Amino acid sequence: MSQTNRLQGGQIDRSKVLNFTFDGKAFQGYQGDTLASALLANGVRLMGRSFKYHRPRGPISSGSEEPNAIVELRSGARQEPNTRATIAELFEGLSAKSQNHVGSLKFDFLAVNDRLASFFAAGFYYKTFMWPKAFWEKLYEPMIRRAAGLGSLSMQTDPDAYDKGFLHCDLLVIGAGPSGLAAALTAARSGARVILADEDFAPGGRLNAETFTLGNTSGAEWAQAAVAELSAMPNVRILTRTVVIGAFDHGIYGALERVSDHLPVPSEGKPRQILWRIYSSRAVLAAGATERPIAFRNNDRPGIMMAGALRAYVNRWAATPGKSVAVFTNNDDGLRTASDLIAKGVKVSAVIDSRADGPAFSGAEHLRGAVVTDALGRLGLHSVKVKLASGEIRQIPCEALGVSGGWNPNVHLTCHQRGLPVWNADLAAFVPGSLPPGMVVAGAANGEFSTAAALASGAKAAAGALDALGLSAAPADLPQAEDAPTRVSPLWYVPHKGRAWLDQQNDVTVKDVKLAHQEGFRSVEHLKRYTTMGMATDQGKTSNIGGLAVMAEMTGKSIPDTGTTIYRPPYTPVPIGAFAGRSAGADFRPKRLTPSHKWAAEQGAVFVEVGMWLRAQWLPRQGETHWRQSVDREVAATRGSVGICDVTTLGKIDVQGPDAAEFLNRIYCNPFAKLPVGKVRYGLMLREDGMAMDDGTTARLAEDHFVTTTTTANAVGVYRHMEFCRQCLWPDLDVQIISTTEAWAQFSVAGPNARKLLQKIVDPEYDISNEAFPYMGCGEITVCGGLRARLFRISFSGELAYEIAVPTRYGDGLVRAMMEAGREFDAVVYGTEALGVMRIEKGHAAGNELNGTTSALNLGMGGMVNKKKDSIGSTLSEREGMNAADALNLVGFEPVDRSKTLLGGMHFINRGAPADAKNDQGYMTSVAFSPSLGHSVGLGFLKNGAARKGEVIRAVNPLANEEVEVKVVSAHFVDPEGERLRG
Amino acid sequence: MAEHRLKPITPLGGDTSRKDTFQGVTITEVVDTALASLSARASQAAEFRAAAPKFFGFDLPAPARSASGGDYTAIWTGPEQWFIEAPFATHEDIARIVKQGFGDAASVTEQTDGWGRFDLEGPRVRKVFEILSNLDLEKLPSGGASRTVIEHLGCILVCREAGARYSVYGPRSSAASLHHALVTAAKAAL
Amino acid sequence: MIINHPLLGPRDSQEFVYLGDASLIDRPDWQAENAVDQFHEYLYQRTNPAGEHQELWFHEQGDRSWLVVTRNTLTHEITAVELARDVARRRGRSK
């Protein structure tokens, strides 16, 4: 059985035979086929099972609106569920599987659900699984999850890449059917920059599916010629396999290009898909229309499809879903399907026209005033029951049935910015209402259904858009084309006591809508949520209007008064991977590497992410098997001799200008005006609400030149805040700021031998003795024989310490030179972990303490808030609530039992009090094992803590039922008098 | 500058600059440019305006533009702020040199090593930028310059020759990530 | 969204960081008698209009200008974009 249902002609390349499998069975198709057209050509109508009742289903469409023929493509990591067979391009070796069945496609064990239909009606899980309560998690939910849902994931990482890109145009044309091509030609010939996007791989839209002529050529040939002309123009970009998914603000459109979906594997370096962000001045929406079904009993049998889709399969793909075909229509367009089938030599068993007064049709039996009442053939249609005008029921054999209930313009993108479509009674359809700025609609999307009207409206839309842009378009040279009127008599469903399907993807029947009405879910939005109509991959493209028409009938309201649900992007499904683009896995975000990264990596450093930075966390030496061994050694070596740490990550902001000092005075709560040149001062920056924002040191290099540092985490935010102050609050202060974080490689050199080490690095003409270069001094120097550098005598560790900075390119050389110079002192490089331990031992606040909820007073720096000047946060620091007698104070804690470990986040409770929120005394912010003291130490905020030193309280962790008795101590565990750093 | 003993490394961590070649585009790590920011001081606006053409030999460019002459190229980076490029070999100490030309009329800050520079050249270079930058390169003329976002990073894009040669300055610490993005984009687009 | 930058022309809002109500420019006088009350109003009391709104945007991935953008919060229509520095001066702010 090979392509038994393949006809003559069509736009397929019969010289290119493609082998593929469906559910493991081998088939052949041709280049130009979709999976659906190739399966139909091979006599396969059954392609999947439905979501809820597991009913056998076949394709009802030939496009992206498909609700039924949803398959899994490929295997292994590339397995892709919920792919529409109707738009999946066939390629050599394609493997596809049907989904949503237990057992085989033909024998699905869960088809029992269909027998239990009365149990599964709309809203069933809201009612059925209410009791007993305990059954929900253990029984009902797992059962429903197993039974419901569509395809399955491979559970492997997607091996393909996705890109994001940006395109710009004067005019975006959405859809390359007759109206879109006419619009693109008109605009392109005028010289405008045009982007033409179409979801199909073959531009032309319905021209590829119809037998019309345009001028002297076929529609498909005319489309090819138009595309050829457009492709040759440098001002035109044609995006095929590209669906415009959304109309966003100010002319921005989203579009998904399926670059490699039609290939077995993307070419080397190429993305699977690209998500384009298209910036347009104007857009023409030429998205065409979608045919809608008429619901009747068992209208979901495989073999029943839209009449226009049937025509497309026959004309474009030369594939018929059956040897004998019937047509059921309420409009003239359905009659075309019958004529085209006859022209292709397919037997038309009957044309069933619901209109008693419809036009005459010859060539097949024409039953006017008749309706289809039932369809027979569970796994594939074999006949339909027809109720004739006389009332008589007749059974007509047919393997396929083309149904046409009329066409709905694809108004979706017109509604993405709160637009509502309007009802057109002549067309019995919604047409675009208010439009997003810059958009015009043409062709069938605008309810202009004839080919001639589509061409003319496309050309007119483009000319209008160009006119608005100040470009003049030459009058379009349009071919002669059919111009048949639209004649339709609305028919939404054929009344019957059986189940008639509205939404085939979600298994919603006419009865379900009636039930929703009966139970009070009458607004269309409620109807949607209650029945699930219009959800999932097709978003109700074929079903929504039918459903709301039934609801309108029930409520007695008109269809326009009933209204549609909101149309939201995306127009068709977009893989999450496309939204992520290349920002996945290790490339999730860019990394920032420190100047000593290369050296540290050579040493085997363990790195930690600090924001975007990768910093050395510790540098293990041979024989060290636990991080604590490395960290304890680094701390001991630094406090005992000398350690080096890369501190480049701290934000550095150059502040210059005659008003620089005044500016700093206002952004820090403590004064800077009188800081002498050559000195450094610690600064605390508050938010306007009085909470601490950031801290750092500021060095005065010249009268009008400061370098201020921020914490690593806040560098970006502090810079933004400083620009806000400079531009918005004090626009006439003559101060200039710029970030220099990356320009300088900066290292902390700390420990009793720090000076001795640096004396070997700093050029001898610079005296860095304690007398010449005291604590908090700074200056511009040279190092290693003349390289410009900066030296700051500041300390975070509490030791005698300096920070030395050289241009970043020399940072690698400097760390190597310092390690060489430090060899005689057993110098170490220490990582962020040792840095943290030493700052906790010294009682310095860091990010854990500057956590956005703490004030200067909480931090023990209340006295720094200068009342004699204006600064950000100074006024609101005076609020009563921030100065309460029992305010939190930053203090130190040590375990009474020295063997106990402290945990960050522990809360403090007085001895004897219950451990509850009412008795909360504060919380632990930072903890470390102190190698210097030999036990755990902690910093934390304690109510009135400054006055409670010596008191023993409890640090509790109620989550793990842990508690440790701690003694309240000074936060300065090491060298509380600060003698070392001044030595 | 004096002959000191520290060996520099490039933003990508190499001893010499890196070059990647694709069909129709090359990507080169450029390490021979010195860079400084130049900001006008409002209180000496007239002096600043007078000093600029005198020092550079050309007027400082308008927003979104760059201008060149002699050793210098000035790139507009913000209101009353420009980045000044000069050859590294002769202008390593660029901040001091420029400051001498402007005195108290300007604030000058060394930026050389704050940035990693990559030049993208070739007839198909705009294709690569389509998946990197939201800027409309067809409308960016020779000499056009803009600070924008590439690979989540704030970068400066300078059009040296429209359609043919562009420079991207990105934060030096992220040079490896930026380079990876440029190379990946070139592979995808070309 | 597209923000029409007064110096650079149309730019994608992705390049900007949003702060909030442009009334944040009007920072009170710290020496006023009821300074604490005034600062409280300034910092915490905002209107939240469904319609035209003046708001502060920072061109972080661009020229580092703070802008005052007049935007309709219902339609996203932007009717004016100015440098915040100019707006601040117009509102009487200086040094």
Side-chain angles (χ1 to χ4, degrees), chain A residues 161 163-168 193 268-271 274 276-277 279 582-583 587 589-595 597-598 612-613 648-649 654 656-660 704-705 732 734-736 738-745 782-788 806-814 816-817, chain B residues 1-11 13 31 35 37 39-44 79-81 92-93 96 104 106-115 129-139 151-153 170-178 180-181 184-190:
Chain A
D163 269 316
K164 291 206 255 192
F166 310 87
L167 296 173
H168 304 260
R193 286 168 81 186
E268 176 67 27
K270 301 291 183 247
I274 304 178
W276 292 108
R277 192 173 172 89
Y279 301 90
R582 301 269 180 175
S583 302
D587 296 325
R589 60 179 177 185
K591 292 180 188 68
R592 300 178 79 179
L593 306 182
T594 64
H597 185 88
K598 187 178 172 184
M612 282 161 60
W613 288 102
T648 305
T649 61
D654 212 43
Q656 293 195 42
D659 293 329
D704 58 356
H705 188 185
D732 292 328
D734 195 3
V735 57
Q736 293 77 40
I738 190 161
S739 167
T740 61
T741 304
E742 319 241 340
W744 297 88
T782 63
V783 299
C784 298
L787 175 65
R788 65 198 183 285
V806 294
T808 304
R809 69 181 62 198
Y810 302 110
D812 177 81
L814 180 63
R816 290 172 203 271
Chain B
M1 300 297 286
E3 284 295 312
H4 58 80
R5 61 175 196 269
L6 294 186
K7 194 164 77 90
I9 60 172
T10 74
V31 296
L35 202 61
S37 66
S39 293
R41 290 186 174 176
S43 53
Q44 300 202 32
E80 299 300 305
Q81 187 197 67
E92 179 169 355
D93 200 7
R96 194 184 48 80
D104 285 343
S107 295
V108 181
T109 304
E110 180 172 326
Q111 288 286 324
T112 307
D113 284 354
W115 303 84
F129 279 105
E130 276 180 359
I131 44 180
L132 290 169
S133 164
N134 69 41
L135 293 184
D136 187 354
L137 257 60
E138 278 196 40
K139 289 193 176 160
E151 177 65 1
H152 313 285
L153 300 164
R172 180 178 173 115
S173 65
S174 296
S177 294
L178 178 60
H180 175 70
T184 303
K187 282 183 191 159
L190 302 173

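All values derive from a computational prediction rather than experimental measurement. We name chains A, B, ... by the order of the sequence lines, and we start the count at 1 in each one.
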Less than 4.5 Å to any heavy atom of chain B: does that hold for the side chain of [X], its backbone, both, or neither?
| X | answer |
| --- | --- |
| Lys591(A) | both |
| Arg193(A) | side chain |
| Arg277(A) | neither |
| Leu167(A) | side chain |

Atom group of Leu135(B) that falls short of 4.5 Å from chain A, counting heavy atoms: backbone

Contacting region of Leu190(B) [heavy-atom separation from chain A under 4.5 Å]: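 When you check distances to chain A, only backbone atoms of Leu190(B) fall under 4.5 Å.
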
Heavy-atom pair count under 4.5 Å with chain B, highest-scoring of Gly165(A), Gly813(A), Pro590(A), Gly269(A): Pro590(A)

Pick from Ile274(A), Thr594(A), Asp704(A), Val783(A) with the largest number of heavy-atom pairs that fall under 4.5 Å of chain B: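 It is Asp704(A).
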
Residue among [options] with most heavy-atom pairs under 4.5 Å to chain A:
| options | answer |
| --- | --- |
| Ala188(B), Ala106(B), Ser39(B) | Ala188(B) |
| Ala40(B), Gly13(B), Ala185(B), Ala42(B) | Ala42(B) |
| Gly114(B), Ala176(B), Ser173(B) | Ser173(B) |

Lys598(A) atom NZ: more than 12 heavy-atom contacts under 6.0 Å: yes

Without hydrogens or angle criteria, can the side chains of [X] and [Y] be said to hold a donor-acceptor pair below 3.5 Å?
| X | Y | value |
| --- | --- | --- |
| Asn134(B) | His168(A) | no |
| Thr782(A) | His4(B) | no |
| Glu110(B) | Thr740(A) | no |
| Gln111(B) | Asp113(B) | no |
| Ser107(B) | Arg41(B) | yes |

Straight-line distance of Gln736(A) CD to Ser37(B) OG, nearest 0.5 Å: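 Between Gln736(A) CD and Ser37(B) OG, I get 9.5 Å after rounding to 0.5 Å.
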
